Amino acid sequence: MSLTIRQAKILNKVVQEYITRAEPVSSQLLERGHKFDICPATIRGEMQKLTDMGYLVQPHTSAGRVPTDKGYRFYVDNLKPKDRSRGLDSIEEGIDDSFKFFQYLTKRIAELTSNLALSYFPEEDIFFKEGWDEVFKEPEFEDSTFVSKFMEVVQNFEKHIDDLEDFEDSQVFIGKENKVVTAPEFSTIVSKIHLPKKKEGIVIILGPKRMAYDKNVGIMNSLIKLLE
């Protein structure tokens, strides 16, 4: 069953608000913050329909809604990411020194996305992980169990990184969609990058499902174009 234009707009706003606020989104919040030109009761009704269709979930009876994996997937599939090359315009400096370049590239992606950036360069057998301080600032990491699961996912990526060498275009995996490792609480953006002298690498952006997909997908796409 396809969504109406109004339902799609409401769903996208719920996802955006949840990414920003990290707390359930209520119909009152949507009414105050966005111009839907409909009454609060209609917004509540549409949010209930989106919940019934599996795009949203209500954590508690009196709480607002949060996106499900299906809700995030709809949002990601309808993104029109902006060019983010300005933040990456300095990465070409020092490209002849592979080790320093790979490390700087990984660190820059982590800084721009506020998530953990992982990169692997098979020819040099180099694996970098950058962005711990940034990603641990997210409220999800106040839960020690969440931290433990995150560390396990990172370790599993390192063990199975070779399985990602067949990837070409940038791909977003949300929760249970992650194929290389089991990571239902997290999302990843994975892409192969092509470097001068026919070198290749794999770059992964890893974070909570509540990551800023619009920004992160834009950064990954811009990186791929810049390195071409």
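Model, not experiment: these values are computed from the prediction. Heads up: numbering here begins at 1 and tracks the sequence.
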- Test side chain to side chain contact (heavy atoms under 4.5 Å, CB included) on Ile193 and Ile202 and set out the steps. CA-CA 6 Å; Ile193 57 173; Ile202 298 166; over 6 Å; no
- Would Met220 and Arg84 count as a side chain to side chain contact (heavy atoms under 4.5 Å, CB included) if you check the C-alpha gap in whole Å, the side-chain angles of each, and the deciding distance to 0.1 Å? CA-CA 8 Å; Met220 188 70 90; Arg84 303 277 180 172; over 6 Å; no
- Message: Run Lys129 and Glu158 through side chain to side chain contact (heavy atoms under 4.5 Å, CB included) and show every step you take.
- Response: CA-CA 10 Å; Lys129 301 184 285 272; Glu158 192 164 1; 3.0 Å; yes
- Message: Between Glu46 and Lys49, is the side chain to side chain contact (heavy atoms under 4.5 Å, CB included) condition met? List the steps.
- Response: CA-CA 5 Å; Glu46 294 288 28; Lys49 290 177 183 177; 3.4 Å; yes
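Checking side-chain atoms of Thr68 against main-chain N and O of Gly54 turns up a donor-acceptor pair under 3.5 Å. Formation of a donor-acceptor pair under 3.5 Å by the Thr20 side chain with backbone atoms of Gln16 is found in this model.
The 12-atom threshold is not exceeded at NZ of Lys107, counting heavy atoms of other residues, nucleotides or ligands nearer than 6.0 Å. Residue-environment remark: CG (Asp52) exceeds the threshold of 12 foreign heavy atoms within 6.0 Å. Counting non-hydrogen atoms of neighbouring residues, nucleotides and ligands closer than 6.0 angstrom, the CD atom of Glu152 reaches no more than 12 such neighbours.
The closest side-chain heavy-atom distance from Asn115 to Leu206 is not below 4.5 Å. Side-chain contact between Thr182 and Asn156 is absent, with no heavy atoms from C-beta onward closer than 4.5 Å. Thr42 places a side-chain heavy atom less than 4.5 Å from the side chain of Arg6. Side-chain contact between Asp214 and Tyr75: present, with at least one pair of heavy atoms (C-beta onward) separated by less than 4.5 Å. With contacts defined as side-chain heavy-atom distances shorter than 4.5 Å, the pair Ser170/Ile224 qualifies. Considering only heavy atoms from C-beta on, Val57 stays 4.5 Å or farther from Thr51 through its side chain. Counting only heavy atoms from C-beta outward, the side chains of Ile189 and Ile204 never approach each other to under 4.5 Å. A heavy-atom distance below 4.5 Å is found between the side chains of Phe150 and Val135.
The nearest pair of heavy atoms linking Pro67 to Leu56 is CA-CD2, 4.0 Å. Across all their heavy atoms, Arg44 and Ser27 have their closest contact at CG-OG, 3.0 Å. Across every non-hydrogen atom of Gly64 and Pro59, the tightest pair is O-CD, 3.2 Å. Between Pro81 and Asn221, the shortest heavy-atom distance links the atoms CG-ND2, 4.3 Å. The two residues Val181 and His160 come nearest to each other via the heavy atoms CG1-CD2, 4.4 Å. Residues Leu30 and Met47 approach most closely at CD1-SD, 3.8 Å, considering heavy atoms.
Once rounded to the nearest 0.5 Å, the distance linking OG of Ser114 with CD of Glu134 reads 5.0 Å. For the atom pair CD1 (Ile109) and CD1 (Ile205), the distance works out to 6.0 Å, reported to the nearest 0.5 Å. Rounded to the nearest 0.5 Å, atoms OG (Ser191) and CG (Leu223) are 7.5 Å apart. Taken to the nearest 0.5 Å, the NZ atom of Lys176 stands 14.0 Å off from the CZ atom of Phe186. If you take CD1 on Ile38 and NZ on Lys9, they are separated by 8.5 Å, rounding to the nearest 0.5 Å. Rounding to the nearest 0.5 Å gives a distance of 11.5 Å between CD of Glu130 and OG1 of Thr113.
Side-chain atoms of Thr188 and Asn178 form a donor-acceptor pair, as typed in the model, at a separation below 3.5 Å. A side-chain donor from one of Arg65 and Gln48 sits under 3.5 Å from a side-chain acceptor of the other. Residues Asn78 and Asn12 bring no donor and acceptor atom of their side chains to less than 3.5 Å of each other.
With sequence neighbours excluded, the residues that form a salt bridge (charged side-chain N to carboxylate O under 4.0 Å, His left out) with Arg73 are Asp77, Glu177. Residues passing the ring pair (Phe, Tyr, Trp, His ring centres under 6.0 Å) test with Tyr213 are Tyr72, sequence neighbours excluded. With sequence neighbours excluded, no residue forms a salt bridge (charged side-chain N to carboxylate O under 4.0 Å, His left out) with Lys80. Annotation: ring pair (Phe, Tyr, Trp, His ring centres under 6.0 Å) contacts of Phe99 (sequence neighbours excluded): Phe128.
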Only distances under 3.5 Å count here; give the side-chain donor-acceptor pairs of residues 117-125 to other protein atoms, sequence neighbours excluded, each with its distance to 0.1 Å.
| residue | atom | partner | partner atom | Å |
| --- | --- | --- | --- | --- |
| Ser119 | OG | Thr106 | OG1 | 2.5 |
| Tyr120 | OH | Asp125 | OD1 | 3.3 |
| Glu124 | OE2 | Lys199 | NZ | 3.3 |

Distance-only criterion, 3.5 Å: show the donor-acceptor pairs between side-chain atoms of residues 141-149 and protein atoms not counting sequence neighbours.
| residue | atom | partner | partner atom | Å |
| --- | --- | --- | --- | --- |
| Asp143 | OD1 | Thr145 | N | 2.9 |
| Ser148 | OG | Ser144 | O | 3.1 |
| Lys149 | NZ | Glu185 | OE2 | 2.9 |

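A salt bridge links Asp69 to Lys209: one of the charged nitrogens lies within less than 4.0 Å of a carboxylate oxygen.
Side-chain heavy atoms closer than 4.5 Å link hydrophobic residues (I, L, V, M, F, W, Y) into clusters, and following such links, even through other members, never connects Val15 to Ile5.
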